[in-house]
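Bear in mind that the values here come from a model prediction, so they are computed numbers and not experimental data. For reference, positions follow the sequence shown, starting with 1.
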Amino acid sequence: MNITLNNEPLTLPFEPMTIAQMIEWQNISPKATAIVIGSKLIPKDFWDSTYLSENDKISVIKAAFGG
């Protein structure tokens, strides 16, 4: 299955794949992270039950702290 992750094309190694599985596979820390599919923010409580679909456009947003 092909998706776009942060504007980069990506082929998933298996399907179906959840958001939680995708961030683990990509070594993305879930702390202070937001996931957007298309224009919809996916709450962290739904990462384990939200499956990715062909041609999804996914953005990973990381909060930055400091001054």
Side-chain angles (χ1 to χ4, degrees):
M1 178 185 326
N2 297 304
I3 62 168
T4 301
L5 179 62
N6 290 340
N7 296 317
E8 296 291 328
L10 188 65
T11 300
L12 301 180
F14 61 89
E15 55 183 276
M17 181 179 274
T18 65
I19 292 172
Q21 291 169 323
M22 188 264 310
I23 65 169
E24 182 178 341
W25 170 58
Q26 288 293 297
N27 296 315
I28 298 168
S29 172
K31 293 185 179 190
T33 299
I35 301 291
V36 177
I37 299 179
S39 60
K40 183 178 178 184
L41 177 65
I42 309 299
K44 195 172 280 191
D45 290 345
F46 293 95
W47 289 5
D48 285 325
S49 60
T50 301
Y51 287 89
L52 303 176
S53 297
E54 183 75 24
N55 298 318
D56 272 348
K57 291 181 181 5
I58 302 164
S59 297
V60 177
I61 302 165
K62 299 288 286 178
F65 301 97

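Proximity of a side-chain donor or acceptor of Asn55 to a complementary backbone N or O of Ile3 within less than 3.5 Å is not detected. In this structure a side-chain-to-backbone donor-acceptor pair under 3.5 Å is present from Gln21 to Thr18. The main-chain N or O of Met1 is found under 3.5 Å from a side-chain atom of Glu15 such that the two form a donor-acceptor pair. Distance alone, capped at 3.5 Å, places no donor-acceptor pair between the Lys62 side chain and the Pro30 backbone.
Looking only at side-chain heavy atoms (C-beta outward), Thr33 and Trp47 come within less than 4.5 Å of each other. Side-chain contact check for Leu10 versus Trp25: some heavy-atom pair is nearer than 4.5 Å.
From Ser49, atom OG reaches atom CD1 of Ile42 across 9.5 Å, with rounding to the nearest 0.5 Å. In this structure, CG on Asn6 lies 5.5 Å from OG on Ser59, to the nearest 0.5 angstrom.
When each of Ile37, Asp48, Ile58 is checked for a side chain to side chain contact (heavy atoms under 4.5 Å, CB included) with Ile19, only Ile37 meets the rule.
A single hydrophobic cluster is not seen to contain both Leu52 and Ile61; linkage of ILVMFWY side chains at heavy-atom distances under 4.5 Å, directly or through other members, places them apart.
Shortest non-hydrogen contact noted between Met22 and Leu12 is CG-CD2, 4.5 Å. Ser53 and Asp56 make their closest contact through N-OD2, 2.8 Å (heavy atoms, listed as atom of the first residue, atom of the second, distance). Across Ala34 and Leu41, no two heavy atoms sit closer than the pair CB-CD1, 3.9 Å. In this structure, Asn2 and Glu54 approach most closely via the heavy-atom pair N-OE1, 3.3 Å.
Heavy-atom contacts from other residues, nucleotides or ligands closer than 6.0 Å to CD of Glu24 number 12 or fewer.
Neither side chain, Lys57 nor Thr4, offers a donor N or O lying under 3.5 Å from an acceptor on the other.
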